[in-house]
Amino acid sequence: MAKKKVEFTHLHVHSEYSLLDGLSKIKPLVAKAKELGMKSLALTDHGAMYGAIKFYNTCKEEGIKPIIGCEIYVARRSRFDKETKVDSDNFHLVLLAKNLEGYRNLMKIVTKAHLEGFYYKPRADMELIKEYHKGLIASTACLEGEIPSLIIQNQYEKAKEKAKEFLEIFGDDFYLEIQHHPKIPRQEIANKGIIQLSRELGIPLVATNDSHYIEPEDAEAQDVLLAIQTQKTVNDPNRLSMINSPDFYLRSPEEMAEIFKDYPEAIKNTQEIAEKCNLEIPLGQKVYPSFPLPEGETAESYLRKLTYERLPLRYKKITKEVKERVEYELDIIIKMGYAEYFLIVQDLVNWAKSQGIRVGREGEVRPDLSFLIF
Ligand SMILES: [Zn+2]
Ligand SMILES: [Zn+2]
């Protein structure tokens, strides 16, 4: 009888958009997942979502279900605390979007982490996680996650309290991550505590590989990236490096199943999570701020009206030639579906000018907008 194919999804994956940390380019990454027989794949870049749309589109093209996530940085205190030494260190946490609401919430968390929490890294905090948790799945991340960190520091009870806190926020959508990096002794300690937590609190396990590159032989190149990031030479023995454990590649489902054969549920749960994630991002639509139109007007009719109203401000005499030119330009703008866009731009440019705020170079107006601007 043929061996049953292992169903597994990688849910902790970095691409080159984990800047100077991840090596994998999106296209080969997705192609590799497909080659390995996976039906879905997550992207969890560090602190940012720059690669999300490219990844989403590439997966769709390849017939793979895209799971959009992020391995966020979590401030030790609040995201507003930025004290030397105390706050320079942070925790990792993996978040995955189940649906559009989750995707939007993830964008909010990541944006606020950049705008409000930036201190060495874009940091979210527990307040943001609580506020925007809807539609998101959380898992405890690598050894830099708060729960694994506490376990390693021999603070099991504190880790348990933290796990309860996440459980309260995420309920069934909270998972404990186990990884297998045998060259890193702390991983073994963390796994032991995590498995104990799973048993005591009934929180499901999930197996991940924290993939930073695609093939095993990419480990060295990724190590060079890391040296660039930390501004050290590769020969510096004290630098942050993952080269001693060259197993952060995209392991095959069979390899993952073999490694975690004592915890088959951790493999199975990757599929449970993949099934929970069904994000459809509406693309190819115009997303403009809505421009309030006077009653009875369409964007096209109002653009036309404003243009003719303001034409005498530009031309003393409206000759046949001017009229032909205006009609020609309006025709193109309207045909291309840009009427609303032009209304918005003229609004903000005119407002800026009315407030004495300089727009562009003094006296210069884009020629195709000139008839709309005072
Ligand atoms: Zn991490
Ligand atoms: Zn990671």
Side-chain angles (χ1 to χ4, degrees), residues 9-26 29 33 41-52 55 67-76 88-97 106 109-110 113 117 120-125 129 136-153 159 162 166 174-181 183-184 186-191 193-194 205-214 218-219 221-223 225-226 229-230 240-251 256 259 266 270 273:
T9 297
H10 275 290
L11 297 168
H12 187 152
V13 182
H14 297 275
S15 76
E16 60 177 332
Y17 292 97
S18 290
L19 302 182
L20 294 178
D21 192 5
L23 186 73
S24 315
K25 293 196 185 301
I26 301 268
L29 176 71
L41 181 68
L43 183 71
T44 56
D45 276 317
H46 252 317
M49 298 167 73
Y50 312 127
F55 176 77
I67 300 168
I68 305 294
C70 185
E71 184 174 18
I72 63 164
Y73 298 102
V74 185
R76 288 186 171 248
S88 41
D89 221 9
N90 51 64
F91 296 119
H92 296 181
L93 180 74
V94 169
L95 296 175
L96 304 167
L106 191 56
I109 292 172
V110 169
Y120 294 98
K121 302 280 184 191
R123 305 167 315 150
D125 60 8
I129 293 165
L136 289 172
I137 290 172
S139 70
T140 48
C142 58
L143 296 177
E144 309 295 322
E146 186 163 6
I147 289 171
S149 298
L150 287 167
I151 292 169
I152 291 163
Q153 287 158 24
K162 197 70 207 182
F166 278 118
F174 176 54
Y175 291 82
L176 293 164
E177 218 167 313
I178 46 172
Q179 300 186 354
H180 180 75
H181 302 294
K183 300 263 175 60
I184 305 173
R186 288 178 304 144
Q187 185 69 61
E188 191 57 39
I189 301 167
N191 284 358
I194 285 170
L205 292 173
V206 63
T208 68
N209 202 54
D210 202 358
S211 163
H212 282 255
Y213 38 86
I214 300 172
D218 296 335
Q222 194 265 345
D223 196 46
L225 271 190
L226 213 53
Q229 189 206 112
T230 51
L240 174 74
S241 171
M242 290 152 75
I243 197 70
N244 293 329
S245 180
D247 47 14
F248 289 83
Y249 58 93
L250 205 70
R251 279 179 161 139
M256 291 301 283
I259 291 168
T270 65
I273 292 177

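First listed ligand is number 1; within each ligand, the first listed atom is number 1.
Judged purely by atom type and a 3.5 angstrom limit, H14 uses its side chain to pair as donor or acceptor with the backbone of T44. H212 places a side-chain N or O within donor-acceptor distance of the main-chain N or O of D21, the cut-off being under 3.5 Å. Using modelled atom types, no side-chain atom of Y17 and backbone atom of M49 make a donor-acceptor pair closer than 3.5 Å.
Taking the N/O/S atoms of H12 in turn, the shortest distance to the Zn ion (ligand 2) belongs to NE2. Checked against the Zn ion (ligand 2), the N, O or S atom of D210 at the shortest distance is OD1. No other N/O/S atom of H92 lies as close to the Zn ion (ligand 1) as ND1 does.
Put simply, the angle at the Zn ion (ligand 1) from OE2 in E71 to SG in C142 is close to 120°, to the nearest 10°.
Distance check for H46 against the Zn ion (ligand 2): none of its N/O/S atoms falls below 2.8 Å. Taking backbone and side-chain atoms together, H212 has no N/O/S atom less than 2.8 Å away from the Zn ion (ligand 2).
Classification of the H46-Y73 ring pair by plane angle, with boundaries at 30° and 60°, yields parallel.
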Assess whether side-chain hydrogen bond (donor to acceptor under 3.5 Å, both in side chains) is satisfied between N209 and R251, documenting all intermediate values. CA-CA 7 Å; N209 202 54; R251 279 179 161 139; 2.6 Å; yes
